[in-house]
Amino acid sequence: MSTNSYEPSKVEDRFYKLWEERGYFEIDGNKAIQKDDKKFAIMMPPPNVTGSLHIGHALTFTLQDIITRYKRMDGYKTLWQPGTDHAGIATQNVVEKQIMAEGKTKEELGREEFLKRAWKWKEFSGNTMVSQLRKLGVSPAWKRERFTMDAGLQKSVREAFVHLYNEGLIIRGNYMVNWCTHDGALSDIEVEYEEHQGNFYHMKYPFADGSGEIIVATTRPETYFGDTAVMVHPEDERYKHLIGKKVKLPLINREIPIIADSYVDMEFGTGMVKVTPAHDPNDYEVGKRHDLEFITVFDESGILNDFAGEFKGLERLAARSVIVKRLDEEGFMEKVEEHMHQVGHCYRCKNVVEPYISKQWFIRSEIAKKSIEKTNEGQAKFFPPHWINSYNSWMGELRDWCISRQLWWGHQIPVFYCSTCNHEWASMDEHPHECPKCASKEFAQDPDVLDTWFSSALWPFSTLGWGNGDSEMDRLFETDDLKEFYPNSLLITGFDILFFWVARMMMMGETFMGKLPFEHIYLHALVRDENGDKMSKSKGNVIDPLDTINDYSADILRFTLAVSAAQGRDIRMSGDKLEQTRNFTNKLYNASKYLQMNAETFPDLGGFCLDTELGKYMVSRLNVATKEVRAYLDEYRFNDAATVMYRFLWNEFCDWGIELSKADKGSIIELGAIFKEAMKLLHPFMPFITEYLYQELSGKELEETESIMITNFPTKTRRREEEEAKFEIIMDAIVSIRRAKVLVDMANQKIAKAYVKIDGASDEAKEMMKAYIEKLAKVEEIEFCNAKVADAVSDIGEKCEVFIPTASIDLAPIISRLEKQSEKLEKEISKLAGMLNNERFVANAPEDVLAKNREALADAQSKQEKVQEQLNSLQK
RNA sequence: GCUCGCAUAACUCAGUUGGUAGAGUGUUACCUCGACAAGGUAAAAGUCACUGGUUCGAGUCCAGUUGUGAGCACCA
């Protein structure tokens, strides 16, 4: 190694390029280690094609990459399917703004020209996301990268649509939908409700016969032009007699009846409700029940129409204050109260959403039925499991899904209307030649496009070739893909798109493939800032993952995210945590430097026999770590798996392995091999530094050899109890001596002599331990003894007792420490004795627990004896 | 209103079928001893939110309370 510290920027791009060029990321990238019938498939949730990488992406793709690299190294034929999403509304809005900046409108440009612009923008901006992703070191099968509007996926969308259309599962109709006056129709979940301080306007409606007036209360006075009734509860004694009478709407003087409907809550407001069937979902139902007229008072852009009389031409929200003022002037406003209520906003543009009657396309909710059943039969498993509750409750209340969008950017609905014979049909053919019924050439395609989530709902199988035709076969997908990779093994995504995306994939996957699309669904939480606040541009607390990669490294960002990713828990990201990981990478670098000071290169573990005691001990610890990392990764416990690596490499390998090797240089070759093996274990988390150190210790350059990423993930998990027991004693003795030395103010000094009393270790074992203890405890000479040593400071460890002879030292602090220790032991003894004296405990507790407790009690008691003895001797 | 989380050391958080409470950071003391001061050694620090229950035994299971967060629904 030539430099003084590891420089990630020098290796990350270089390694990534080599990995990708060599095709390691592709499904046969690990061909040499693939095992029969082991297949793993995971889909990348396609990020918005014109977006840029944010910290949430960094988290989700890091976790996906960890699992993918793990499976790939573990011999699975692995597909991680990458791609991007066309993101209808978001992308269209961006392009519209560009055009507006040029002083034009999209209508002036025309649909065709607009789409050209959108594609251009997609080409320009579409690579940003994927190139940023590469910086993160992720390893999806890039050669298969898809786009939700590429040719094959357009075909699959048409295939799906036509199928559902012909089955009657897609229908078109005039219904009340969520309408954004900017973005058009939205599905139910695209509306975000927010608390809003509004007003409750109490309006006077005079009776038609001039015999007085009634008071109705509303939050949206501008809709009253569409009122076609006033309703009261049929049992309401106050108003019963009014049912059937007529009132006149203020200013416009249209007469409407007072009707009775039990929907009315008598306690709320005045108990009199204006009914506006065309502008309120409840009133819509009331209107149908009572056969009322549906009067729409503003157009698709929210501009009031003729029904609004003098207010025609005003925008609905702007009109409110004008209307209220006028009503007040004319004496129609009884009072205005403040009123807190929920107002729906468009999730894209934050515009206030209106209930609006419109002719739209819907997928009927029946489509979800089987996928709900199968999920509850356990055919797909959620991690963490409680998400199934949210899934069920949402799926259970599912209403028809509005899938048409008044946009140009997206999959245009493949339905055609013949103007000659009025025939309507859905066509697989992008450009049909004639009406299939009357052969007329006079027909037009529905102008709307499909909800973006319609195409992403097909993602788990459309990317595998379903419905693609065969144009891109063997390039983007292969013939057997569906057979090999459907259902996908796993989905990793954020809980926030459980309904938007996961649920939709479940219904579509089940419908078209007959099987749920995933075996496992891992939903991760949110990344927050160090104060636990949500990151947002307006708050200015956004952490840009690319900045983090530049300032630290991709490895550091990845590991920090992984070690923080406890299931179901939000992640607080902070500079402190990144620094902790940076220190960890520095530790690894230095450990490797130490190894290289002692040998040029190191073999791979497994190619040779471990001879040294230390080597055997460390390999046992590695095996324990291997077992744990595997178990944790198999359960998607990323934080636990990462913590195990941290613990093993720092607290075991460096703190003890390397230190002990200073007393046994012969073990260093073995430790190097073990370290290399540990790099494999760590590779999924930190792909770059592990590759670097692995090659360094092998004395190779990646350019001339195979990558660590297609070596076998460690499999050995056998523990060597015997060696572990020996080293536990060694470490205990070392810590005990160090503790004793602190007491006599000799902490960091070398001392001449120390005695160690170990019960039950053979002379041979003791001989082996000697050098290690001398070196690490800094003692000139260790002598093993069988009895207490007089005139000595002692320390009682877990497995041994040590004595440092002393002539003249201050004993007071030693005595106080021992007294404290004695108190602690006393507490422990009374607790354990209490348990063991309890007949019911002894009768009911399992044998191994009893044994463990008895042993613990005996231990504590003998320790206590020794402490007491020590105290006695010192206090003389 | 319904559903689902969370509450453990000063701070951030682990704690997987119930079996003597863990990590990192921070704190204190000491250490430049040839991997690493982005480091080392040692130490101190917890009525596991509260109340009750089940059990021989509860941070862990059950019921309730308080605080806190999220999702869904309703609101003329």
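Chain letters run A, B, ... following the sequence lines, proteins first, then strands; residues in each count from 1. Values below: all heavy atoms of this structure, side chains included; hydrogens, waters and symmetry mates excluded.
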Of the residues in residues 221-234 of chain A, which ones touch RNA chain B at a heavy-atom distance under 4.0 Å? none
Is the positively charged end of A:Lys662 above the ring of A:Tyr594, judged by distance under 6.0 angstrom from the centroid and angle within 45° of the axis? yes
Should the pair A:Lys676 and A:Phe602 be classed as cation-pi, given the thresholds of under 6.0 Å to the six-membered ring centre and 45° from the axis? no
Nucleic acid footprint by protein, nucleotides 12-17 of chain B - heavy-atom cut-off 4.0 Å, B for base, S for sugar-phosphate alone: SSSSB-
Which listed nucleotide (B:U20, B:A35, B:A38) is nearest to the side chain of A:Leu832? B:U20
Could you give the CG-to-C1' distance, from A:Asn583 to B:C36, as a whole number of Å? 10 Å
Let me know the distance between CG of A:Asp533 and C1' of B:G69, rounded to the nearest Å. 12 Å
Candidates B:G34, B:U41, B:G39 - which lies nearest the side chain of A:Met597: B:G34
CG of A:Leu398 versus P of B:C72: gap in Å, rounded? 14 Å
When A:Tyr522 is tested against each of A:Phe382, A:Phe383, A:Phe638 for ring-ring contact (aromatic ring centres under 6.0 Å, His included), which residue passes? A:Phe638
Summarise how protein sits on nucleotides 42-47 of chain B as a single string, 5' to 3': B when a protein heavy atom is under 4.0 Å from the base, S for sugar-phosphate-only contact, - for no contact. SS----
What integer distance in Å separates A:Lys831:NZ from B:G19:P? 12 Å
